[in-house]
Every structure is written in structure tokens, then in C-alpha cells.
> 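Before I ask anything, here is the structure I am working with.
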Amino acid sequence: MKKHESSRVQLLNVVKSFGDNTVLHGIDLDIQAGSLTTLLGPSGCGKTTILRLIAGLELPTSGQVFLGDEDVSVLSASQRDVAMVFQSYALFPHMTVGQNVGYGLKMQGVGKEKREQSVKEALDSVGLDGFQPRYIDQMSGGQQQRVAVARALILEPKVMLFDEPLSNLDSKLRRQMREDIRRLQQELAVTSVYVTHDQDEALAVSDDVVVMKDGEIAQQGTPKELYLQPHTKFVATFMGDANIVQGEVIAGGEKSLLRIHNVEIATDKPMSTDLISKTIEIAIRPEALSLIPADDDAAGLPCTIVSRAYIGAAIEYSVKWNGQELFLVSATGNQEFAVGDTAKVLITPPGIAPIPE
Amino acid sequence: MNKTSASSSLSSLDFRTKWVLLGLLAWIIIPWKGLEYGLFESTGSEILNAYAWKSVNTSFISLAVSLLFLLRPWKLHLKANLIDAAVSLVTFIVILFGAGLLNESLGYSAAIQLTFFLLIFSLALARMGFIQGDPFMTTAIVTIMASIAVFVLFPISTIFSKVVFLEDGTFTPMAFYKNLTSFGVARTLQNSLMLAVAVGMSSTFLGLCFSLFTVRITKRFKGLARIFSMLPIVTPPFVIGLSLILIFGRNGTINDGLLALFGTDGLFIGAGNEGWFHRSAYIYGFWGVFLAQTLSFTPICFMLLVGMVSTINPAVEEASVTMRASNSQTFSYVTLPLLRPGIANAFLLAVISSLADFGNPMVLGGDYDVLATEIYFSIVGAQLDYARASTLGILLLSFSLLAFVIQRQWIGKKSYVTVTGKGSGGYFQPLPAWVRGISTSVSLTWMLFTAVLYGSILLGGFVVNWGADYTPTLAHYEELWARGIGYGAWPSYITTLKFAAVGAPLTALMGLMIAYVTTRKRFIGRGVVDFSAMISFAIPGTVIGISYVLAFNTAPILINGTAIIIVISFIFKNMPVGIRSGISALSQIDKSLEEASLTQRASSIRTIFTIVLPLLRPAMISAIVFSFVKSMTTVSAIIFLVTADTQVATTYIMGRVEDGDYGQAVSYGSVLIVTMLIVIFLVEKFIGRSRVERA
């Protein structure tokens, strides 16, 4: 299939209420043309509502939605140049695969021959050419998923919307499908908005991730930014595992220097000089921690091993330091510790993010 | 995209002007006022006088507003759409009420113009963003709300106003109290309630026995169960009563038999001696109606309970047995309590059906008055006591609504069965011997009895005079069917088919639309539609009948005596059938299918036609068939509304019953039953089941 003309998506101060219940509180969101942006958050955070607002299945209570330069805030779904892949796939059970994929073109009055050609191309792009005469109930879950994607692609939309598209698949198929979706999206360079509550999925497919909480955007950034530099405790703990510890700011400015217990850590993160000598919370990824024997000279946090679990490629430890439990992962092959042993926790960047809330 | 929205606003501007122009055309060429004798039987001058421009009347309001719409002086106003909506709605209401006050009955042109004002109102609302600016859905919702207001809420309100206003219009709130305490009302109410409770208990018991019998005791009668579930649908409500008369009546089989044994010159009585048995009319009264209603409503209870009995998870009974409970204990402490919500539900449904039943008490009641028949007797013949009829109507409506609300709010939501999820296999424990004994004997007796009754209906038409002369004859059928198309049963039979055929698709459409908008759309006023739809389930036919008589016998909507009012009464009486099948079908259809269609650039109207309707096809067919069949068997509402010209099958049969002509009555009844069975069979056979249903 040829490359689509894709557009930027913008939400300006969008509020959405259902009766007394306000689910989005003034969302400002900018999604670059051609990117794949994931909306990530716990259920009820409003991510699906944003997707439906972009689709036109809901209209904003106030605020504006732009597709490219055009204000589409009051246009209904059928008037917008978007396509959506639904969580349940929403394939029409009374139509064949071919009819399903060709539905949108038929609605626009595209002739039969041209339609069949496009259906063939769209199905081919998801590896299902030849399945046109089948009915939906004769397709497996993964195949249905592909049909849904083909049906969305065929309209060459300026924006593609994915509403938890993989949640009905088993984990092996999920990994395969998310790679396929990402590959197609990059080939076509179509702006895509992708809703999921699975952070692995979000990290794997996205150019940009928008983390949401309680109807507001908690943070937007690349997967790496969000993982390594979360702005809030919520983002830190939602994006992977994080240990939250107290630490003191030693120096601020362009780069900052932090101290946890007796361990000093330099970060690339700018920090206001007002915070110097204040105590703040710091999120530390499990990979940034490692264990060394208690009698080692290096600066570390003295701890006791509480539990350990062998998970194949690594060993996961829970250790107690200063009344607080820390979680860390140590590659197999490193020195092993038994439950009850005393040890020291070494802290090595990256994976350390101060959260000055 | 900008171009599309610009062109769509242009076309809907055209739309508004178009409707106004069409309305003006109707104003000129079609009579505004209602014609007392219909379009085809009125004289030329009557038709001429009905034209809008022949006299000063409310049509000039319509004319003025239409001209105003053509000018649209507010078109540049920021809230032009709001003004459009307000003006058209106000015009609609003012014309209706104005015509009512001026005692001016509205006719074809008025109906057309009022419809156009509603259309303009809907479109204006849509452009204000109602239902996300969807003109089709908005029009549908406005249409539904307007027709519910005019044909449900307005008539019901007239029975309330009838009891507090005297004939001359003075407001006397105490009149209701006076009517309520007048002679016979309390007794009638007590009779109705006693009968309803008794019938509720007996049909629930029978229904439970038969469902245990078919699910847990033997599979042999599975096919019979299907027949039994169809019988109440295709049996006119009074036919059971009629067959009871054939068996138990004064000249019934039982009396005949006893007479032959113990009567004068009987087998056991010496020649010349006076026998000690005489013909008696014991079947008329409480016990007759009780028996007829029990037989009529047991299948309803059975249908409800059989579903519950078969979804009980066998594992819970197995669990009970592993904890040392005997079969009898398991039944009493596990199985029966699990069925409790279903039993309560079945009981209340039977109560509601008994309260509403008109045919059986009419045929068998004798001196035993119930509300449904008393309403009718209050206004037929010389009585014409509308206030009394309304009072009784209000009582009947209140009690059936009460039962319905309890059923829906309190019990309808309780189900122990569904929460257990998927059955985990396992085997049902055998029922205790006493349960097997009771339900087997009760079921077999009931089946035999029902077979005898239906047999008597079928055979009763082929003998000269059941009870007196059993010589086989075709005389009744000849009398009804062989005297030419304009005589005997033909006119009423054809009228019935015609009305049912016109009403059924409209009923299904209305029901499905209501189901669709109340389950799928959020809009202001949804609560009202929901509530009205709900109460329509509980309004007894007699109450519809009396309220229609009161509401549509005067201006502004004078349609009594016409075919229109009969079709309309069919639509609103049978609407629940459509709503129910619509709701259950829609709950099977994922909402995202429609959304997927919308995101595929299909407009909402195309989505309805390409996605929703094809998927609703099975529900639509069953709703059409059921409302067709129900229209053919209904008697309670329609008996108030028919005239000599609009006589239908059921009222014709009731007439034969009143004349004591049971032979003709039952032969016509059997023809009706066979007709309906053929219709159902043909539909199942030829329209068949769609792919979705199989999937």
C-alpha cells in the first residue's frame, strides 16, 4: 500500500463530562504527524475517551480537536478522516471478510472493481489476501485482528486509532501482532494513536507515550524519557518497577548531585538551586541497584536480604535497608546472596530520577 | 471536509423550506378538519367545509407560522436554531390545544402540517447538537416521544381527569372518592385481587411442576413443551373459557355424562323415578374463571421457570449431596431456593395477566364481577357511566402497575442462576420421590386436560349442538365461510388480517426504535421514554380501551370508529413485544459495531440500514410475527373501539358467544388458531434464520 497523507492531531483544553461526571479536565495534547503515540494509564483514566473524541464518537463538552489544520470539534465520526481498530474488533458478523474491509469504500460510493482491488491490497498488507469470501466466525482471533487493521487501513485515513487492539489475544500472538502493527505504521507513516494499559506494549511500539491519571495528562515523552526521567511518583511506578527512596539535594543547576544515605549520585537532570539541602523523593529502577558484600569498601546502603527469586536470566532480590524494602534484579553469574545475609546496595546511574513534587 | 459540512447545512436549509412549502400545499389542497364519515363516505359539501380556508380555525396559526418560517427574520440571530425549535414546538402544542379548546377535530392536512412542524423541530434540535447533531436519530426520538405523549400519556391522563371533572367540566376532586366508594366497586376490586392471587399461585405451581417434569424427569416430552409454549400465543384469550363451557357447562360433556348415569331415566335410576342429578351451571363464577385463567397462564409461568430450572448448575446439587444431604433435603434447601426469584417472577406475571384478562371472565364470569369486565359493562348499553369506568380503570391500572414494578424492580434483578457463570458439568441429582410423583402426575393430568379442551374446540365446530346433538355436521363452517365473501365470518376475518398486517410492522418498528434509543443513546427525556415504555408493559388492554374511547371521542383528535384507532391501539398495546425482543437482540450486538461503521464514514442512517437492521433481522421478524398474532387474538382493548364496520374476528366470536352459538364460536376460534399456526410456520420456514443467529 502507498504511504498515507497523515496529519498532526491536537487537543486544546478539552473537557469532557458525562452528566455530573467529568472524565477529562482540560486536556492539551499534541501528536506529531506520522508518529505512533500511546495513551497509557490505569482503567478509568480517560484514555479511551480521548481516543473516542479524536474519532468523533464523542464530542467534547468544551475545548477543540484539530486534525491537521482543521477544527473538527463538532464533526461526527462519519465526517472525519480517521479510522479505528476496536478492542472487540467490531467486525460485522453478517458480512464476509471482503465486505467488512470494503465497507468504508462502499459507503463512499467507490465502484465494485476498484473496491475489490483495494480490498485485495489491504488484506495483502496484513497477509490475508484470499480470505475475502470467509465469514468472520470462520477466522481465528489473530486473523480477525488483522482484518480489523485492514479495514481501518483501506480508507487511507489521516489518523489511525487503536483501542487496546491486542487485549483479546494470548501473550505470544500479542507480541507478534504489536510488531506487525508497528511495522505497518512505520511503512505507511500514518499518525497513530494507540490506547493500552499495558506498559510493556506501550514501550515497545511507541514514538511517544502519554501517561494519564484521573482525566489529566501526567507526562508525555519518548518511552526512554518516561522510563528514565519520570516527573511524578505515579509515572515512575506506572512505567515499570521503581523504588522510591528519600534523598538530599547536594547541588543544583544544569546537573544535580544527590545523596542517599552516604551514597552520592550525580545525575544529568537539571534541578532548581532552591532545592539544595532539601530532602526529596528519588525513583530508582531495579537495574540501577546491585549487591556487593557487606565488607566491600565502596559506598552503599547496608541491607539484609529478605527474599530472592530465581527467574532464569536473573535473580530478583528484596532487601531491607533502613526499615524500607528495596527491589533489585541481579544478572545470573553475579555474586549470589542467601536470605538473611547482610550486604550493601550499590547505586549506579542511569535509572535514577529525582521527583521534586 | 469543510465543503461537506457547508453543503450539508445548505441541504438542511432546503429541507426546512421544503417542509414548510409542502405543509402550505397541504393547507390548500387537503381538508384541514376531520371528516366525520371518512374521506370516501362524506358528501362534497362536507369535504369542502372541512378545508382550512373555508372557515376561521386553528389552521391559520399553521399558515401564519409557515409564512414566518419562509421569511425567517431571525436567520442571522446567533441562536437561530433554538428559535426554529421553539417556534415549531410551540406551534405544534398551540394547534393541538387550541383545536381541543375550540372543539375542532383535526384532519389529514392538520396531521401532515403538525408532522412537518415536528420535523422542523427535530432538525433544529439536531443542528443544536442534540444526539451529536444526528438528524435521523433526533427525528426518530422526537417522533417516539410525540407518539407516546399522544397515544399513551394523553389517553391515560384522560381517565384521571374524567374522575375529577363532572360532565359539565366543574372540578370536583371528591367525585373520585364518591365513585370509589360507590356500590360494587369494593367487591369488584376484591374479586379481581382474590382471583389474581389464586391464579398466580396455581399457574406458578403448575408451571413449576411441568418445568421440573420436562427438564429433570423425562426428556420424552420436549417437543410437547414447545407446543405448550406456542399455544398461549396463538389462542385467543377466551377460547379456553369457551372450551370449559363445552366440557363443564350446563350442556357440557360432564353434565351429559352425569345425567346419563344419575338423571331422570338415567342408567342407575329406575325407570319412571325422578333422578337426583339436574343440569347445573356450576362452571360460571369464580371457579370457572379460575380454571380458565390457570390453564391460560400456566404456559407463561412454564416458559419462565423452565429457563431457570435448566440453568441451575448441577455442581451445587452435587456439593449438597457430598455434604450428607439427602435428595429431599437438597431439593428443599438448594434447588427450590435457587428457583425462588423465578417462582416469584412467574407468580407476579400470572397476577398481572389475570388482572388484565377480559375474555375469560366475560365468557365464564357469571355473577363474579372483576375490574376488567366491569369497566366494559359500565359503558356499554344504557349505563354509559364514564366516571365509574374510569375509576375502575384507575384501580386496575394501579394494581397491575404495582405488581409490575415489584416484579421489575425487586425480583426481576435477582437471579441466583446467572451469577454462577458457566456450568461446570456434573450431573443433576435425582429429584426426591415425592417431587417426582407430584410433578409427574400434575403434568400428565394437565397435558391430558389441555388436550381434551383443545380437542373440544376443534371438534365442537363439527357437531350440530355440543351437549344436545352430537351429529357430525359442517353447518357451522358453512354458515361462517360458505355464504360468500361478504357474509358470515369473512368480513371480520379479512378486517382482522388487514389490521394485523398493517399494525404488525409498525408495532415492530416502534418497539425496536424505542429499544434502540433507550439502550444506545443518551438524550434529554430518555427517562420519560424509558418510563412510558415500561408502563406500557403493565397497562391492561381494558384500560387502553376505555382511555382511548375517552380521549379520541372528542376534538382535537376524533378518530373513534375509524380503522386508524384500531391499528393504533394494536401498536401501543403490543409495543412491549417489540421493545422486549429489541432489547434482548441489542444486548447481543456489540455497540462498537455501529461505531466501527461510523468511523468508516457511514452516516447514522446508513449505519442503521447496513449494520443494525440486518443484525436485528431475527428480532424484527419475531416481533412482527408476535404482534401480528397478538393483534389477531386481542379482545380487551379492541372491544371498546370496534364498530359494525370495523368488526374483527375476536369481537365477532364474542358476539356469537353472547348469542349462545358455541358451535360457530369454536369453529371460528379453531380457524383463527390454525391461521396463526400457518403464519408462524410459513415465516419460520421461508424467511428462516439469518447467519448471525447461527453464529
Side-chain angles (χ1 to χ4, degrees), chain A residues 7 18-19 48 51-52 54-59 61 67-96 99-110 135-138 148 151-152 154-155 157-161 163, chain B residues 1-9 81 126-138 520-524 526-527 585 588-619 689-695:
Chain A
S7 32
F18 296 102
T48 299
L51 200 71
R52 293 169 62 84
I54 298 173
L57 294 169
E58 309 280 355
L59 298 184
T61 307
L67 295 185
D69 299 329
E70 189 193 358
D71 182 351
V72 296
S73 310
V74 294
L75 291 187
S76 70
S78 52
Q79 295 167 309
R80 296 190 191 186
D81 212 355
V82 297
M84 183 152 167
V85 176
F86 289 79
Q87 183 171 11
S88 59
Y89 313 144
L91 296 170
F92 307 128
H94 58 306
M95 297 181 189
T96 61
Q99 286 167 334
N100 261 284
V101 176
Y103 181 80
L105 293 179
K106 191 175 175 188
M107 289 300 119
Q108 290 179 312
V110 175
Y135 276 94
I136 299 306
D137 57 358
Q138 298 165 324
R151 186 176 68 179
I154 199 169
L155 292 173
K158 291 183 179 152
V159 181
M160 285 270 278
L161 305 170
D163 184 10
Chain B
M1 201 60 60
N2 272 326
K3 220 165 68 190
T4 349
S5 66
S7 73
S8 84
S9 81
N81 288 321
R127 302 192 63 198
M128 284 161 64
F130 194 72
I131 310 288
Q132 316 216 329
D134 182 337
F136 175 70
M137 269 344 285
T138 310
R520 291 289 160 97
K521 300 285 166 186
R522 291 185 297 258
F523 56 94
I524 302 162
R526 201 190 82 168
Q588 308 282 316
I589 301 174
D590 189 350
K591 195 181 172 191
S592 59
L593 290 177
E594 291 147 53
E595 294 176 347
S597 170
L598 291 175
T599 60
Q600 293 275 302
R601 320 269 197 285
S603 62
S604 76
I605 185 162
R606 296 198 76 171
T607 301
I608 295 268
F609 281 101
T610 54
I611 306 298
V612 181
L613 284 183
L615 291 174
L616 278 183
R617 206 178 77 137
R689 289 153 189 245
S690 73
R691 151 149 219 104
V692 189
E693 215 174 1
R694 280 185 284 125

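Since the model is a prediction, treat every value here as computed from it, not as a measurement. Letters go in sequence order (proteins before strands), and every chain restarts at 1.
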> Looking at B/T610, B/T607, B/D134, B/I589, which has the largest count of heavy-atom pairs under 4.5 Å with chain A?
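Result: the option with the highest number of such pairs is B/T610.
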> From A/I54 CD1 over to B/T599 OG1, what is the distance, rounded to the nearest 0.5 angstrom?
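Result: 13.5 Å between the selected atoms.
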> Can you tell me how far the CD atom of B/Q600 sits from the CE atom of A/M84, to the nearest 0.5 Å?
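Here the interatomic distance stands at 11.5 Å.
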> What part of A/E58 gets closer than 4.5 Å to chain B, counting heavy atoms only: side chain, backbone, both or neither?
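It is both, since atoms from each part get that close.
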> A/Y89 versus chain B, heavy atoms under 4.5 Å apart: side chain, backbone, both or neither?
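Looking at A/Y89, nothing touches chain B.
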> Is atom NZ of A/K106 surrounded by more than 12 heavy atoms (other residues, nucleotides or ligands) closer than 6.0 Å?
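No - once you tally the heavy atoms of other residues, nucleotides and ligands closer than 6.0 Å, there are 12 at most.
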> For A/F86, is it the side chain, the backbone, both or neither that has a heavy atom under 4.5 Å from a heavy atom of chain B?
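It is the side chain, since no backbone atom gets that close.
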> Nearest heavy-atom pair of B/L593 and A/F92: which atoms, and what distance?
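So the minimum-distance heavy-atom pair works out to O-CE2, 3.1 Å.
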> Heavy-atom pairs under 4.5 Å with chain B: which of A/S88, A/A148, A/G56 has the most?
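Max contact count across the listed options: A/S88.
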> If every non-hydrogen atom of B/A602 is compared with every non-hydrogen atom of A/S78, which pair is closest and at what distance?
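Closest pair (atom of B/A602, atom of A/S78, distance): O-CB, 3.1 Å.
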> Identify which part of A/L105 has an atom lying under 4.5 Å from any heavy atom of chain B, answering side chain, backbone, both or neither.
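Neither; nothing under 4.5 Å.
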> Which one, A/A77, A/G19, A/A55, A/S76, leads in non-hydrogen pairs under 4.5 Å with chain B?
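Counting heavy-atom pairs under 4.5 Å, the top option is A/A77.
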> Can you name the nearest heavy-atom pair linking A/M95 to B/I611, along with the distance?
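Answer, listing the atom of A/M95 first, then B/I611: CE-CD1, 3.7 Å.
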> Any side-chain heavy atom of A/D81 sitting closer than 4.5 Å to one from B/R601?
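Of all side-chain heavy-atom pairs linking B/R601 with A/D81, at least one is under 4.5 Å.
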> Taking side chain as C-beta onward, heavy atoms only, is B/E595 less than 4.5 Å from A/R52?
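In contact.
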> Taking C-beta and beyond as the side chain, do A/M107 and B/R606 meet within less than 4.5 Å on heavy atoms?
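Yes, at least one pair of side-chain atoms sits under 4.5 Å.
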